[in-house]
Amino acid sequence: MRKSRLKVIEKLMNTFFVVCGIAALAFVIIITAFLLVSGIPAIKEIGFVKFICGEAWKPTAAEPMYGILPFISTSVFGTLGAIIIGVPIGVLSAIYIAKAAPKKCGTALKSAVELLAGIPSVVYGLVGMIVIVPFVREIFNIPDGANLFSAIIVLSIMILPSVISVSETAIKAVPKEYEEGSLALGATKTETTFKIVVPAAKSGIMTSVVLGIGRAIGEAMAVMMVSGNASNMPKLFGSVRFLTTAVASEMSYSSGLHRDALFSIALVLFIFILIINLILNFGIKEKKR
Amino acid sequence: MKDKVKCKRKLKDFILKLCMYLSATIIVIFLVGLIGYILYRGLGNISFKLISTKPSLVRETIGILPNILNTLYIVIMTLLVVLPIGVGAAVYLNEYAKNKKLVRAIEVATETLAGIPSIIYGLVGMLIFVQFFSLGTSLVAGALTLVIMTLPTIIRTVQESLKTVPDSYREGSLALGSGKWRMIRTVVLPSSIDGIVTGCILSIGRIVGESAALLFTAGMANELIGILNAPMPNQAGSTLTVALYMYAKERGEFDIAFAIAAILLILTFVINMAAKITAKFLKKEEQK
């Protein structure tokens, strides 16, 4: 009697664990399905080329236009800018933490980076809004500081934690023998670090860059607070709107085709993210040697 | 000739070093500036009245008690749902799964979930929970959205610590005649408690800092919600982060926004410390 009850419990738990295991997979499928179902109709109605390559987004005009090229190119340029500024700073700091810093200094800097990672994005947005936006306006002498440039600055700070922590792990994983060999041949410590250790950690550093791209392209709230939010084609000192902010800023009052088009924008963003994930999972294979 | 080469090498060395130190300095300056500025602008605006009242239109006062409570409700509801699923998934991946392809697929799915931006979670959460399950804009819809979002964190941390449980423990338990579930319940899970706690703390950090995913799922209301009403449909409420966004962007109440920012900053700090301390403490226990 007792034995059979135990068996039932075992079976039950077995099923429970299987269900939990498959949950993550199911969630991904559900998310994809919902985005496809709600995103595709608008693209169909507007026309794929018109939607992706249209340069005007005027959903509430008498003759509504739904072109999201401004959002796509803003997202691409914004991410690119954040990578150009953030990656060198991040990678160099990671090298410093891993190789050059005194132990205490390194741990302190590492905790600092972890703290940066934990700060909510709206807080970055708030500080960007109050400090960076007026600063940019003063320095470049332009009427409004809420523009692509401010967004790039905020984004490059926000990608630092992922760039630093992943690069640092990669750099620390390089075998000590490599360094010893280089040092024994008469190279200085700095030369060894930059010519031997960093190239050896290349794939890890690339992973950190791709992670940074993912983070930058998906950021919504902070960017919404500093980028001005007008649907123009991107200009460094012009008010711009990203893919993420296009969804966030109009969702609350949209309806009909306009609303469906917002889901299509989300679908486009999702495809970008999937591509980045594919690169992470399959493109950078070296890391699993 | 030799001297020239030496000189060049030294110069290069110096420049590279300089760049390195400069970057590290920039980060420190960013961080100190950011924290200093937020605390400077925020701490002075935190008052007992602010954190213990709700906003009142009549008296024209602003209080963030509803937002604090909402954050708490969402944290609790999310963890209640995500913990069993996440721990179960980690146990499945580590103890039960035999099909290598399925494991790989689940791992890829987990990584994909971790990479999806929160605004997409917000949108999908709205489609699934708010509309499809007709929960309405509500705390529970927000919490369920965050369940999907925090699932990868829990799975990953628990799985890491499950991997560190020695196989001899499992063999010992099985040899004494226990079934698989009994072995997991009595031997495996207790030894991986550190991963579960760390996963919880990390998830709390993500939930507290989340805003884009909650904007369209949990809503923007600032009313006080009783604890019994919190898990009900249509009980909308904004968390601290969403409130910060509303006060800063829509209403221009920057003093309140900075006060909330300071509170969030302190919370982040506490959560980070807690994660570190538990990891250290539990590791020590293990070594004994």
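Not measured: the values here are computed from a predicted model. Quick note: numbers below take in every heavy atom, side chains included, and nothing from hydrogens, waters or symmetry partners. Protein chains get the first letters and strands the later ones, always in sequence-line order, with residue 1 at the start of each.
- Ranked by non-hydrogen atom pairs under 4.5 Å with chain B, the options A:Leu126, A:Val28, A:Thr244 are led by A:Leu126.
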- Item | Stepwise side-chain contact (heavy atoms from CB on, under 4.5 Å) test for B:Ile119 and A:Leu269 | CA-CA 10 Å; B:Ile119 181 77; A:Leu269 178 64; 4.0 Å; yes
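- Considering every non-hydrogen atom in both B:Ala105 and A:Leu25, the closest pair reads O-CD1, 3.6 Å.
- For chain B, the nearby part of A:Leu109 is the side chain; its heavy atoms alone come within less than 4.5 Å.
- With a 4.5 angstrom heavy-atom cutoff, B:Leu34 touches chain A only via side-chain atoms.
- Here the NZ-CD1 distance, from B:Lys17 to A:Ile95, works out to 13.5 Å after rounding to the nearest 0.5 Å.
- Looking at B:Tyr121, the atoms closer than 4.5 Å to chain A (heavy atoms on both sides) all sit in the side chain, from C-beta outward.
- Residues B:Thr268 and A:Val123 have side chains not in contact (no heavy-atom distance under 4.5 Å, counting atoms from C-beta outward).
- Between the side chain of A:Glu114 and the backbone N or O of B:Asn272, no donor-acceptor pair lies under 3.5 Å.
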- Item | Check against side-chain contact (heavy atoms from CB on, under 4.5 Å), A:Leu6 and B:Trp181 | CA-CA 10 Å; A:Leu6 271 178; B:Trp181 159 239; over 6 Å; no
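- Between B:Arg9 and A:Glu191 there is a salt bridge, since a side-chain N of the basic residue sits under 4.0 Å from a carboxylate O of the acidic one.
- When each of A:Ala117, A:Gly214, A:Ala112 is scored by its heavy-atom pairs under 4.5 Å with chain B, the top score falls to A:Ala112.
- For a residue to count as touching a neighbouring chain, one of its non-hydrogen atoms must lie under 4.5 Å from one of that chain's; by this rule A:Ile119 touches chain B with backbone and side chain alike.
- For a residue to count as touching a neighbouring chain, one of its non-hydrogen atoms must lie under 4.5 Å from one of that chain's; by this rule A:Phe194 touches chain B with the side chain only.
- Taking both residues in full, the closest heavy atoms of A:Leu92 and B:Ser23 are given as CB-OG, 3.2 Å, listed atom of the first, atom of the second, then distance.
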- Task: List the steps, then state whether side-chain contact (heavy atoms from CB on, under 4.5 Å) holds for A:Leu116 with B:Phe30.
- Result: CA-CA 9 Å; A:Leu116 270 182; B:Phe30 267 152; 5.6 Å; no
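- Between the CZ atom in A:Phe270 and the CD1 atom in B:Ile120 there is a gap of 6.5 Å [rounded to 0.5 Å].
- Within the 4.5 angstrom heavy-atom criterion, only side-chain atoms of B:Phe216, from C-beta onward, approach chain A.
- Contacts of A:Ser111 with chain B are made by both backbone and side-chain atoms, with heavy-atom separations under 4.5 Å.
- Neither the backbone nor the side chain of A:Ile276 has a heavy atom closer than 4.5 Å to any heavy atom of chain B.
- With a 4.5 Å cut-off on non-hydrogen atoms, B:Leu151 touches chain A through its side chain but not through its backbone.
- Of the two parts of A:Met129, only the side chain, counted from C-beta on, holds a non-hydrogen atom closer than 4.5 Å to a non-hydrogen atom of chain B.
- With chain B as partner, the option from A:Ala94, A:Gly118, A:Ala26, A:Ala100 having the largest number of non-hydrogen pairs under 4.5 angstrom is A:Gly118.
- Residue contact with chain B, scored on non-hydrogen atoms closer than 4.5 Å, involves the backbone and the side chain of A:Leu115 alike.
- If you measure heavy-atom distances from B:Leu102 to chain A, the contacts under 4.5 Å come from the side chain alone.
- Both the backbone and the side chain of B:Leu16 come within contact range of chain A, judged by heavy atoms closer than 4.5 Å.
- In the displayed structure, A:Lys110 atom NZ is contacted under 6.0 Å by at most 12 heavy atoms of other residues, nucleotides or ligands.
- Of the two parts of B:Leu265, only the side chain, counted from C-beta on, holds a non-hydrogen atom closer than 4.5 Å to a non-hydrogen atom of chain A.
- The contact between B:Val124 and chain A is made entirely by side chain atoms (from C-beta outward), counting heavy-atom distances below 4.5 Å.
- Using a 4.5 Å cut-off between heavy atoms, A:Lys11 makes no contact with chain B at all.
- Looking at A:Ala220, the atoms closer than 4.5 Å to chain B (heavy atoms on both sides) all sit in the side chain, from C-beta outward.
- One finds the CD atom of A:Glu10 at 9.0 Å from the CE atom of B:Met183 (value rounded to the nearest 0.5 Å).
- Rounding to the nearest 0.5 angstrom, the gap separating the NZ atom in A:Lys189 from the CG atom in B:Asp13 is 11.0 Å.
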- Item | Worked check of side-chain contact (heavy atoms from CB on, under 4.5 Å) between A:Met13 and B:Lys180 | CA-CA 9 Å; A:Met13 288 319 288; B:Lys180 200 152 191 180; over 6 Å; no
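- With a 4.5 angstrom heavy-atom cutoff, B:Leu202 does not touch chain A via any of its atoms.
- The OG atom of B:Ser118 sits 8.5 Å away from the CE atom of A:Met221 when rounded to the nearest 0.5 Å.
- Note that the CD1 atom of A:Ile9 and the CZ atom of B:Arg185 stand 8.0 Å from one another [nearest 0.5 Å].
- Shown here is B:Lys249, whose NZ atom has more than 12 heavy atoms of other residues, nucleotides or ligands within 6.0 Å.
- Within the 4.5 Å cutoff, side-chain heavy atoms of A:Phe27 are placed close to those of B:Leu113.
- With a 4.5 angstrom heavy-atom cutoff, A:Val131 touches chain B only via side-chain atoms.
- With contacts defined as side-chain heavy-atom distances shorter than 4.5 Å, the pair A:Asn14/B:Tyr96 qualifies.
- Residues B:Ile184 and A:Phe17 meet the side-chain proximity criterion, which asks for heavy atoms closer than 4.5 Å.
- Looking at B:Gln131, only its side chain comes within 4.5 Å of chain A, counting heavy atoms on both sides.
- Ring centers of B:Tyr92 and A:Phe16: at least 6.0 Å apart, outside the cut-off.
- No donor-acceptor contact under 3.5 angstrom links the side chains of A:Asn277 and B:Thr112, judged on distance only.
- For B:Arg206, no part lies near chain A; criterion is any non-hydrogen pair under 4.5 Å.
- Shortest non-hydrogen contact noted between A:Gly21 and B:Ile106 is O-CD1, 3.2 Å.
- Counting all heavy atoms, side chain and backbone alike, B:Leu127 lies closest to A:Phe34 at CB-CD2, 3.8 Å.
- Proximity to chain B (any heavy atom under 4.5 Å) is restricted, for A:Ile157, to the side chain, taken from C-beta onward.
- Proximity to chain A (any heavy atom under 4.5 Å) is shown, for B:Leu240, by neither the backbone nor the side chain.
- Ring planes of A:Tyr96 and B:Tyr21: perpendicular class, angle over 60° (limits at 30 and 60°).
- Put simply, the side chain of A:Thr190 does not reach to within 4.5 Å of the side chain of B:Met20, judged on heavy atoms.
- Heavy atoms closer than 4.5 Å to chain A are found in the side chain of B:Ile155, but not in its backbone.
- Contact annotation for A:Leu12: neither backbone nor side-chain heavy atoms come within less than 4.5 Å of a heavy atom of chain B.
- Only the side chain of A:Ile273 has a heavy atom closer than 4.5 Å to any heavy atom of chain B.
- Contact detail for A:Ser121 and B:Ser211: the closest heavy-atom pair is OG-OG, 4.0 Å.
- Closest heavy-atom contact between B:Thr241 and A:Pro120: CG2-CB, 4.0 Å.
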